[in-house]
Amino acid sequence: LDLLPSLPLLSLPPTVMAVVEELELVARVDAALDIFAKESEGRRHEAPFIRVDDVRPLLHSCGVYLPDWLVSQELIPQLAETDHQDMLIVRVDRMRERVLSLLEERTWEADTERDLLAAFRRVDVLSHNGKEFGYIERDKLSKLLASKGGAPFATEEVGSLFEFCEPENGQGFYYHDYLGKLIPILEEHSFNKLEKICKRSR
């Protein structure tokens, strides 16, 4: 009996694991919503809400990475309403339902470092006649990002990518350097987010 507490979670039956994962998912979303939620001072909206400007940060906090155009052109118009001060807001209950639905679809999860590196390497090899040079020409990468995939990058998003990790010679995008800068930032962001959630739940 003393060994029971030390049994790994993976030893639980699949159905129990699914329930545990679902509960953890809901708890994560609720904790993130709690951080962004505002209390309305007007009579028109008695339910808690979040500001439209907080929709993207909230989605990222929950692990949903929708492209900017999809958030601004589809998600926000579907969920937003105007409060008594003519400010665009989204009610927490509606946002919660949509976030949980997006997480269940698993369509807009963040790619892992391994996935990103594999994608960059494939483009690198295809661009250089089967050889890997560790970089991709900036013009070629810009065209691929803006035209391929289920959610092509907007011009501003491509520009932000190169601003974040400006190629040394202005032409070659060295993806190892990019990932070397990006991953520590994401890890720090995840740690800070977890720390805030833990403090808020005490």
Side-chain angles (χ1 to χ4, degrees), residues 22 24-42 45 47-113 115-116 119-120 141-142 144-166 178-179 181-201:
E22 183 176 354
E24 289 178 344
L25 189 67
V26 172
R28 186 177 72 184
V29 172
D30 286 341
L33 282 167
D34 188 46
I35 292 175
F36 288 97
K38 315 293 181 186
E39 295 294 337
S40 177
E41 298 177 357
H45 296 288
F49 67 91
I50 66 171
R51 297 191 179 94
V52 166
D53 291 343
D54 289 332
V55 169
R56 287 184 184 83
L58 170 68
L59 290 172
H60 292 173
S61 296
C62 295
V64 179
Y65 295 87
L66 290 173
D68 286 346
W69 68 266
L70 193 56
V71 174
S72 59
Q73 296 179 24
E74 294 190 17
L75 185 67
I76 290 178
Q78 291 172 2
L79 299 179
E81 51 190 282
T82 306
D83 72 352
H84 65 289
Q85 296 178 334
D86 292 328
M87 180 176 67
L88 282 175
I89 64 171
V90 178
R91 292 207 320 265
V92 165
D93 57 340
R94 298 188 69 189
M95 193 70 216
R96 181 179 187 271
E97 181 180 357
R98 182 57 63 88
V99 171
L100 289 174
S101 176
L102 289 167
L103 286 169
E104 186 177 355
E105 293 173 9
R106 307 181 72 91
T107 305
W108 302 105
E109 293 180 324
D111 292 319
T112 65
E113 180 180 3
D115 293 334
L116 291 171
F120 282 133
L141 183 59
S142 297
L144 287 173
L145 293 173
S147 62
K148 302 296 183 181
F153 278 46
T155 303
E156 295 78 8
E157 292 175 309
V158 175
S160 297
L161 171 68
F162 292 123
E163 286 179 8
F164 175 73
C165 191
E166 185 68 28
Y178 169 70
L179 293 174
K181 290 181 63 176
L182 177 66
I183 300 305
I185 292 175
L186 292 179
E187 290 176 346
E188 182 179 0
H189 171 73
S190 298
F191 175 79
N192 291 338
K193 178 181 68 177
L194 179 62
E195 188 177 33
K196 288 180 181 178
I197 291 175
C198 290
K199 287 181 179 178
R200 194 64 180 261
S201 62

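Predicted, not measured: the structure shown is a model, and the values here were computed from it. Only this structure's heavy atoms are used, side chains among them; waters, hydrogens and symmetry mates stay out.
Going from atom OG1 of Thr82 over to atom CD1 of Ile89 covers 8.0 Å, rounded to the nearest 0.5 Å. Atom CZ of Phe162 sits about 4.5 Å away from atom CG of Leu141, to the nearest 0.5 Å. Atom-to-atom distance recorded for Leu100:CG and Met95:CE is 10.0 Å, nearest 0.5 angstrom. From Ile35, atom CD1 reaches atom CG of Asp54 across 11.0 Å, with rounding to the nearest 0.5 Å.
Side chains of Met87 and Phe49 form a contact here, defined as non-hydrogen atoms less than 4.5 Å apart. Using a 4.5 Å heavy-atom cutoff, the side chains of Leu88 and Glu81 are not in contact. Residues Ile76 and Val71 form a side-chain contact, since some pair of their non-hydrogen atoms from C-beta on lies under 4.5 Å apart. Leu70 has its side chain out of reach of Leu75: every pair of non-hydrogen atoms, C-beta onward, lies at least 4.5 Å apart. For the pair Leu79 and Val52, the minimum side-chain heavy-atom distance is 4.5 Å or more.
Around CD of Glu97, the count of heavy atoms belonging to other residues, nucleotides or ligands within 6.0 Å does not exceed 12. Other residues, nucleotides and ligands place more than 12 heavy atoms under 6.0 Å from the CD atom of Glu105.
Closest non-hydrogen pair, Val90 versus Ala80, comes out as CG2-CA, 4.0 Å. Contact record, Ser72 with Arg56: CB-NH2, 3.4 Å, taken as the closest heavy-atom pair.
Checking side-chain atoms of Arg96 against main-chain N and O of Asp30 turns up no donor-acceptor pair under 3.5 Å.
With salt bridges taken as basic N to acidic carboxylate O contacts below 4.0 Å, one links Arg91 and Asp93.
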Candidate pair Val92 and Phe36, rule side chain to side chain contact (heavy atoms under 4.5 Å, CB included), full reasoning: CA-CA 9 Å; Val92 165; Phe36 288 97; over 6 Å; no
Candidate pair Gln78 and Arg94, rule side chain to side chain donor-acceptor pair (under 3.5 Å), full reasoning: CA-CA 10 Å; Gln78 291 172 2; Arg94 298 188 69 189; over 6 Å; no
